[in-house]
*Asks:* 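The structure under discussion is supplied below as structure tokens; questions concerning it will follow.
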Number of protein chains: 2
Amino acid sequence: MQTKAVEDYLKAIYELQAEGGKVSTTSLSERLSVAPASVTGMAKKLAKMKLVVHEPYQGVELTPAGEKIALEVIRHHRLVESYLAEALGVPWDKVHEEADQWEHVLSEEMEDLMDDKLGYPTSDPHGAPIPARDGTMPKADLRRLSELEAGETAVIAEVSDHDAELLRYLGELGIFPHVEVRVISSAPFEGPVTIRINGDEHALGREVAGYILVGSLR
Amino acid sequence: MQTKAVEDYLKAIYELQAEGGKVSTTSLSERLSVAPASVTGMAKKLAKMKLVVHEPYQGVELTPAGEKIALEVIRHHRLVESYLAEALGVPWDKVHEEADQWEHVLSEEMEDLMDDKLGYPTSDPHGAPIPARDGTMPKADLRRLSELEAGETAVIAEVSDHDAELLRYLGELGIFPHVEVRVISSAPFEGPVTIRINGDEHALGREVAGYILVGSLR
DNA sequence: ACCAAAAATTAGGCTTGCCTAAATCTAGAA
DNA sequence: TTCTAGATTTAGGCAAGCCTAATTTTTGGT
Ligand SMILES: [Mn+2]
Ligand SMILES: [Mn+2]
Ligand SMILES: [Mn+2]
Ligand SMILES: [Mn+2]
């Protein structure tokens with residue numbers, strides 16, 4: 001059994017890797033709110049444990065063993081988020097913080113019981129895919145809402161859960177997974193994206209729109 | 001926010017205190033599976049934090065502040081046990097181990113949600129009282145089953161949850177809180193206690209009978 | 001009252017993870 | 001190609017908790 005710190009590092013490395021290749025010391029340092037020197041220390045330790053490959057000055061990359069653990073932690077996290085939302089009615093902007101703690105103490109038995117109770121969900125309340133029990137991660141083909149052209153219609157697939165306040169705001173606008181959106185206009189020079197959702201129009205900042213992933217209709 | 005270790009020590013001190021006055025270094029050392037020297041170290045630390053009074057060579061005693069924290073942890077533990085049993089169908093011999101981990105990560109919000117969902121229970125699956133939100137611990141007047149005379153009838157109130165195997169055994173016999181028992185005979189010289197429960201008779205070792213607390217009928 | 005065994009504390013160390021400050025490496029601009 | 005700013009690592013430390021071995025205190029039996 002790994003420590004909470006090891007699990008958090010592996011999870012962060014997995015997520016950063018998914019957002020683009022090699023993972024730098026700085027990016028991990030920021031993600032985990034820890035000094036860069038601390039990251040170097042842990043990188044060496046994880047390398048010795050064969051959970052990452054650490055090329056000094058060049059970043060880290062998960063080994064298959066490291067990825068396996070990362071996916072287990074992420075599965076715990078997202079199942080817990082789903083369970084809290086579904087069974088206890090916790091609003092979607094509060095589940096992440098709680099799951100960040102529970103993910104480390106959830107036993108495999110409780111994991112299975114929650115999974116059963118929920119009917120084997122494949123995505124969490126923010127639309128993020130839940131890794132399967134065998135460690136398979138469903139991979140969807142999604143675009144950022146910020147990249148759509150005016151006139152395009154799509155379905156919200158996933159919303160970044162890193163910022164609770166943002167989730168609360170988007171929730172008020174009715175921006176949830178499975179909801180249909182139409183881009184009315186997309187201003188140039190990194191300007192706002194105007195969307196129509198549930199019959200209402202809203203203008204979103206370009207950055208915010210980038211946190212929303214969408215899939216094709218149907 | 002206290003560390004997990006501090007919470008575990010305070011909880012253990014509370015429980016040992018409830019079983020009889022001053023708490024020795026050795027008793028804590030055994031309860032927590034930690035070397036006596038480690039207990040002394042923590043005792044000094046807790047004393048500095050004003051959570052216990054530590055009289056060197058004489059043991060420790062909770063201060064009101066320490067007791068408050070202990071009761072919060074115990075409330076978390078017992079609510080989680082109740083929730084797991086009720087909502088996820090976890091058998092009573094498995095809930096304790098899980099709750100021992102969850103108790104440290106449960107937020108006050110989740111505590112309240114579970115409490116609501118359960119309908120404000122006053123005792124856990126083993127019959128142990130759940131401290132109220134205000135820190136009040138219901139105190140019942142109970143006797144050990146091992147102390148009853150032949151011919152007496154009583155109601156099971158509480159079963160020690162320290163040994164999962166024992167719980168499984170007692171469960172098979174139908175020994176649960178709220179069930180009626182009658183003592184058929186109580187052998188002398190620390191001999192077995194024979195009881196009738198649900199129409200069946202069973203002989204229990206004296207020590208086992210001591211782990212079962214009973215209350216008066218009605 | 002004494003003395004030995006048991007209980008508790010002190011002394012010294014170890015691991016995990018974190019930090020700051022100093023050194024070193026890398027990469028992009030000139 | 002050089003140089004410097006930024007990224008990274010190294011060096012040295014600290015706090016929490018745990019351990020074993022040595023020492024001190026308490027206590028119960030004689
Ligand atoms: Mn975490
Ligand atoms: Mn999520
Ligand atoms: Mn615990
Ligand atoms: Mn219990």
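The model shown is predicted, which means the values in this text are computed figures rather than measured ones. Numbered from 1 within each chain, the chains take letters A, B, ... in sequence-line order.
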*Asks:* Is any side-chain N of the basic residue among B:D100 and B:K11 closer than 4.0 Å to the acidic one's carboxylate O?
*Replies:*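 Between B:K11 and B:D100 there is a salt bridge, with a charged N closer than 4.0 Å to a carboxylate O.
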*Asks:* Between A:K94 and B:E109, does any side-chain N to carboxylate O distance fall below 4.0 Å?
*Replies:*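 A salt bridge is absent here (no side-chain N lies under 4.0 Å from a carboxylate O).
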*Asks:* Please, which pairs that meet ring-ring contact (aromatic ring centres under 6.0 Å, His included) have at least one residue in residues 55-92 of chain A, sequence neighbours excluded?
*Replies:*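 Listed by first then second residue: A:H77-A:H96, A:W92-A:H126, A:W92-A:F176.
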*Asks:* On DNA chain C, reading 5' to 3', which nucleotide is the first and which the last to sit with an atom under 4.0 Å from a heavy atom of chain B, could you check?
*Replies:*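 The footprint of chain B covers C:dA7 to C:dT10.
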*Asks:* Quick one: side-chain contact (heavy atoms from CB on, under 4.5 Å) partners of B:E207, sequence neighbours excluded?
*Replies:*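 B:E207 satisfies side-chain contact (heavy atoms from CB on, under 4.5 Å) with B:Y211 once adjacent residues are dropped.
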*Asks:* Are side-chain heavy atoms of B:Y9 and B:V39 found at a separation under 4.5 Å?
*Replies:*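 Yes - at least one pair of side-chain heavy atoms lies under 4.5 Å apart.
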*Asks:* Taking the side chain as C-beta and beyond, is there a heavy-atom pair between A:V52 and A:E61 under 4.5 Å?
*Replies:*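 A side-chain contact is absent here, since even the closest heavy-atom pair is not under 4.5 Å.
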*Asks:* Quick one: does B:D112's side chain get under 4.5 Å of B:R133's, heavy atoms only?
*Replies:*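 The answer is yes; the side chains approach within 4.5 Å.
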*Asks:* With sequence neighbours excluded, what pairs up with A:R206 under the side-chain contact (heavy atoms from CB on, under 4.5 Å) test?
*Replies:*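 If we apply the side-chain contact (heavy atoms from CB on, under 4.5 Å) test to A:R206, skipping adjacent residues, the hits are A:S146, A:S186, A:E190, A:V193.
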*Asks:* Check whether any side-chain nitrogen or oxygen of A:T25 sits under 4.0 Å from OP1 or OP2 of D:dT9, and answer yes or no.
*Replies:*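 Yes, because at least one side-chain N or O of A:T25 sits under 4.0 Å from OP1 or OP2 of D:dT9.
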*Asks:* For A:E86, does the CD atom have more than 12 heavy-atom neighbours from other residues, nucleotides or ligands under 6.0 Å away?
*Replies:*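 No, CD of A:E86 has 12 or fewer neighbouring heavy atoms, counting only those of other groups under 6.0 Å.
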*Asks:* May I ask you to say what B:T40 touches in the nucleic acid, namely base, sugar-phosphate or nothing, with a heavy-atom cut-off under 4.0 Å?
*Replies:*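 It contacts base atoms.
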*Asks:* Does the protein touch nucleotides 23-28 of chain D at the base, only the backbone, or not at all? Give it as B, S and - per nucleotide, heavy atoms under 4.0 Å.
*Replies:* -BSSS-
*Asks:* Generate the contact string for nucleotides 15-21 of chain D. Rules: B means base contact, S means sugar-phosphate contact only, - means no protein heavy atom under 4.0 Å.
*Replies:* -SSSBBB
*Asks:* So, are A:E15 and A:R31 salt-bridged, with charged N and O less than 4.0 Å apart?
*Replies:*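 Here A:E15 pairs with A:R31 in a salt bridge, since their nearest N and O are under 4.0 Å apart.
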